[in-house]
Amino acid sequence: MGPTLFHEIIYGPVKSRRLGNSLGINIIPTNEKVCSFDCIYCECGWTEGFTSNNFINSETFRNILEIHLENLKKNSIELDSITFSGNGESTLHPEFLSITKETISLRDKYFPHAKVTVLTNGSMLHIPQVQEALALIDQPMLKLDSAIQQEFDIINQPMYKVDIKTIIDNYTKLSLPNKIIQTLLLRGKHNGIEIDNTRKESLDALITAINKINPQLWMLYSIDRPTPEQNLVKLTLRELQQIKNDLQDKVNCEINVYA
Ligand code: SF4
């Protein structure tokens with residue numbers, strides 16, 4: 001089976017490697033992928049566009065989420081995380097801040113111990129409302145697969161010119177004690193070009209960026225689901241652990257690995 005879209009606004013809960021029992025929140029339209037990047041490993045397939053006229057409005061979203069949380073509570077299902085993920089980049093939603101606030105207030109009402117998590121590629125961090133929303137979120141997970149422009153362009157394929165230095169600067173400026181950087185490590189080939197962000201040069205650049213950004217945690221993980229580019233290799237847990245052992249003393253935060 002190839003990569004697939006999420007056809008629901010709320011999905012799961014699913015057992016996640018990194019988040020435990022996680023309820024997925026997809027505020028991207030359910031029939032299209034909307035992202036500012038076109039990562040070669042994206043579980044939703046190739047990107048169709050970076051804007052849409054079909055975003056759900058915040059009031060409808062609140063009603064749908066409340067029904068789901070009520071049902072889960074009634075059925076005594078526990079949640080570790082309520083997670084913004086889905087068919088693209090959640091921070092592209094024009095009402096991301098009010099949706100974040102609604103989600104937090106419903107979490108407080110139904111599952112006060114669950115964390116609210118967002119997986120983001122950081123491309124919208126220049127927008128004050130996105131910064132404000134991330135400051136409210138328990139686990140802001142910020143994507144950084146490469147700190148080298150040429151490698152970033154090949155792995156993450158931004159839909160328009162994005163300077164990876166600007167993203168790193170914006171992550172650095174985000175003065176939150178709970179910042180998490182997430183890095184997908186992979187090897188393979190795309191359009192005839194070799195990719196390997198486990199090379200010394202790639203890891204050295206990432207170490208410099210991590211020490212500048214100063215996150216609470218650095219997550220290293222491998223491919224988990226079908227990818228649009230077929231010529232990619234999934235790293236083993238053993239390889240990730242070896243990389244962690246080599247890097248741990250060189251960065252000022254904890255490293256966790258997930259395969
Ligand atoms: S940033 Fe996330 S949603 Fe966008 S293409 Fe990359 S993996 Fe997919």
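Sequence positions, counted from 1, serve as the residue numbers for this chain. One-based numbering, in listed order, for ligands and for the atoms of each. Scope of the values below: all heavy atoms of this structure, side chains included, with no hydrogens, waters or symmetry mates.
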* To do: Check the pair Arg187 / Ile195 against side chain to side chain contact (heavy atoms under 4.5 Å, CB included), numbers first and verdict last.
  => CA-CA 5 Å; Arg187 298 193 196 95; Ile195 303 149; over 6 Å; no

* Structure fact -> the protein heavy atom lying closest to atom 4 (Fe) of ligand 1 turns out to be Cys35 SG, 2.3 Å

* Nearest-contact summary for atom 8 (Fe) of ligand 1 - protein heavy atom, Å -> Cys42 SG, 2.4 Å

* Verify the ring-centre separation between Phe50 and Phe37: is it less than 6.0 angstrom? => no

* Passes side chain to side chain contact (heavy atoms under 4.5 Å, CB included), Asp138 versus Arg107? Steps please. -> CA-CA 11 Å; Asp138 304 299; Arg107 182 276 311 269; 2.8 Å; yes

* To do: Might you confirm whether atom CD of Glu70 has over 12 heavy atoms from other residues, nucleotides or ligands at distances under 6.0 Å?
  => yes

* Asked: Touching ligand 1 at all, Gly88? Heavy atoms, strictly under 4.0 Å?
  -> yes

* Is there a heavy atom of Lys33 sitting under 4.0 angstrom from any atom of ligand 1? -> yes

* **Test: Lys73 cationic atom under 6.0 Å from Phe111 six-membered ring centre, within 45° of axis** => yes

* To do: Tell me, please, whether Tyr221 has Arg18 positioned over its six-membered ring: NZ or CZ under 6.0 Å from the ring centre and within 45 degrees of its axis?
  => yes

* Selected option - heavy-atom contact closest to atom 1 (S) of ligand 1, from Lys143, Glu89, Glu43 -> Lys143

* Asked: At a 4.0 Å threshold, what atoms of ligand 1 neighbour a non-hydrogen atom of Asn121?
  -> 1 (S)

* Asked: Heavy-atom contacts under 4.0 Å between Cys39 and ligand 1: side chain, backbone, both, or neither?
  -> both

